[in-house]
K.L.:
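Just dropping this structure here.
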There are 2 protein chains.
Amino acid sequence: MTDDEAARARALDAAEELFYARGVQAVGMDAVRNASGLSLKRLYQLFPSKEALVLQFLRRRDERWRQALARHVDTRTSPDERLLAVFDWLHAWFREPGFRGCAFINSFGELGGVSADVAEQARHHKQAFRDYLADLVAASGLPSDLADQFLLLAEGAITTAAITGTAVPAVHARTAALALLRAQARNHRADPAVGPR
Amino acid sequence: MTDDEAARARALDAAEELFYARGVQAVGMDAVRNASGLSLKRLYQLFPSKEALVLQFLRRRDERWRQALARHVDTRTSPDERLLAVFDWLHAWFREPGFRGCAFINSFGELGGVSADVAEQARHHKQAFRDYLADLVAASGLPSDLADQFLLLAEGAITTAAITGTAVPAVHARTAALALLRAQARNHRADPAVGPR
DNA sequence: AGCGAAGGAGAACGACCGTTCTCAACTGGG
DNA sequence: CCCAGTTGAGAACGGTCGTTCTCCTTCGCT
């Protein structure tokens with residue numbers, strides 16, 4: 001039934017907003033009820049438990065986050081520009097109102113020690129992000145070690161931006177990424193496709 | 001009274017182990033009571049509330065964490081080696097049993113949206129860490145931008161190590177830091193004091 | 001029109017949590 | 001030896017949370 005689909009979407013919209021803003025445990029099912037406009041009965045017939053709702057929230061957020069990133073990266077054509085576009089997208093994300101870091105890092109910190117499923121979701125998300133970076137790095141003809149280094153810059157920028165409440169870490173990450181890219185090009189590649197900024 | 005001091009230490013020891021391993025909200029005061037061997041009455045006469053206990057736990061962990069880092073860095077003499085020693089220390093930290101990332105990032109994710117004091121503690125800790133890196137970078141005669149970049153590498157390594165459960169992010173971070181350091185030296189400095197690895 | 005299934009609003013329930021209280025055991029000073 | 005004060009063990013209290021239940025309305029179908 002497509003009606004269930006719509007209700008599911010509304011429930012997940014409300015859950016995402018609340019869980020991300022306040023943390024999972026600080027949000028009761030009553031708050032999800034109020035924010036979604038769904039009754040508790042309907043909520044529990046769509047999701048068997050709060051934990052199931054949390055896991056679905058994480059799954060959907062993972063997909064949407066990576067799609068949004070890929071969409072932005074796909075506006076660039078040169079391999080090196082595509083790589084750097086990751087950090088531009090992070091910068092835009094950090095500036096969004098209500099930005100409070102990575103939902104997976106936050107959920108892992110809150111529940112990773114107590115829920116194996118949440119920890120698994122966080123691992124999956126970060127693994128997928130790393131794989132995506134590895135593809136971009138490979139398309140630039142760079143060694144895969146750079147993917148791990150870019151991953152660290154991105155992750156560090158996310159948490160630093162969240163805690164300090166500013167978007168500048170994205171700029172620092174981009175600068176560092178560019179320096180690493182150039183250093184690598186100087187050592188092992190013909191010509192960097194990206195000139196000095 | 002020195003008796004209170006000892007009891008405080010035991011309470012904080014228990015709280016730190018439990019909060020760090022399972023998250024703050026998943027640990028009740030009863031668990032702290034059992035783990036510390038203190039009675040609830042004593043606990044509440046030492047700390048007026050759970051929130052006070054949480055904040056003290058964070059304060060003490062901040063101090064100890066930075067002291068441990070500084071102690072390790074102080075085993076090195078050359079400025080560049082001291083800078084890289086940060087990542088060696090991270091590597092050792094990541095390998096400790098029960099490592100579960102940065103207590104401040106975790107607490108920020110769990111409570112930062114709901115407790116201004118916890119958010120403030122996280123900000124303070126990260127600011128102090130950045131200041132420390134800035135000192136090391138300045139001692140190496142490097143521009144302060146590098147401090148921000150090293151901070152991102154370190155933060156990224158911490159969360160990536162926590163979520164993936166391995167210590168290798170420290171190695172990647174160190175490699176990236178070394179590359180950034182050399183690139184900077186090539187541009188603006190006389191001679192890097194650190195040869196090829 | 002009448003009936004049965006479904007849904008909404010919210011009360012109810014059992015569990016748990018932070019905090020306080022009870023009460024008995026223990027302490028040290030007169 | 002006794003008593004006032006402190007402490008420990010854990011029961012008790014008020015509140016909240018996840019989940020279920022009740023009761024009433026609504027709605028589609030014949």
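Values reported hereafter were calculated over all heavy atoms of this structure, with side chains retained and with hydrogens, waters and symmetry mates removed.
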K.L.:
Check the distance between dT7(D)'s P and Leu38(B)'s CG and give it to me in whole angstrom.
P.N.:
11 Å

K.L.:
Calculate the interatomic distance between Met29(A) atom CE and dA15(C) atom P; express it in whole Å.
P.N.:
19 Å

K.L.:
Ignoring hydrogens and angles, tell me if any N or O in the side chain of Tyr20(B) forms a donor-acceptor pair with the backbone of Gly101(B) under 3.5 Å.
P.N.:
yes

K.L.:
Checking salt bridge (Lys or Arg N to Asp or Glu O under 4.0 Å) for the pair Asp80(B)/Arg182(B): CA distance, chi angles, key distance, verdict?
P.N.:
CA-CA 10 Å; Asp80(B) 287 2; Arg182(B) 284 187 178 145; over 6 Å; no

K.L.:
Check whether any side-chain N or O of Arg100(B) sits under 3.5 Å from a backbone N or O of Gly109(A) as a donor-acceptor pair, and report yes or no.
P.N.:
yes

K.L.:
Could you state the atom-to-atom distance from CZ of Arg22(A) to P of dT16(D) in whole Å?
P.N.:
14 Å

K.L.:
In residues 21-37 of chain B, what donor-acceptor pairs under 3.5 Å come from side-chain atoms, sequence neighbours left out?
P.N.:
unit_1, atom_1, unit_2, atom_2, d
Ser36(B), OG, Val32(B), O, 2.8
Ser36(B), OG, Arg33(B), O, 3.3
Ser36(B), OG, Leu38(B), N, 3.1

K.L.:
What's the CD-P distance between Gln25(A) and dC16(C), to the nearest Å?
P.N.:
15 Å

K.L.:
Below 30° counts as parallel, above 60° as perpendicular, anything between as tilted: where do the rings of Trp89(B) and Trp65(B) land?
P.N.:
perpendicular

K.L.:
In residues 39-53 of chain B, which residues come under 4.0 Å of DNA chain C by heavy atom?
P.N.:
Leu40(B), Lys41(B), Tyr44(B), Ser49(B), Lys50(B)

K.L.:
Considering only heavy atoms, which members of residues 107-119 of chain A lie under 4.0 Å from some atom of DNA chain C?
P.N.:
none

K.L.:
With a non-hydrogen cut-off below 4.0 angstrom, is Val32(A) in contact with a base, only sugar-phosphate, or nothing?
P.N.:
nothing

K.L.:
Heavy-atom count check: over 12 atoms from other residues, nucleotides or ligands less than 6.0 Å from Arg59(B) CZ?
P.N.:
yes

K.L.:
How about Glu16(A): does its CD atom have over 12 heavy atoms from other parts shown lying under 6.0 Å from it?
P.N.:
yes

K.L.:
Could you tell me how far apart Asp30(A) (CG) and dG18(D) (P) are, to the nearest whole angstrom?
P.N.:
8 Å

K.L.:
Around atom NE2 of His124(A), are there more than 12 heavy atoms from other residues, nucleotides or ligands closer than 6.0 Å?
P.N.:
no

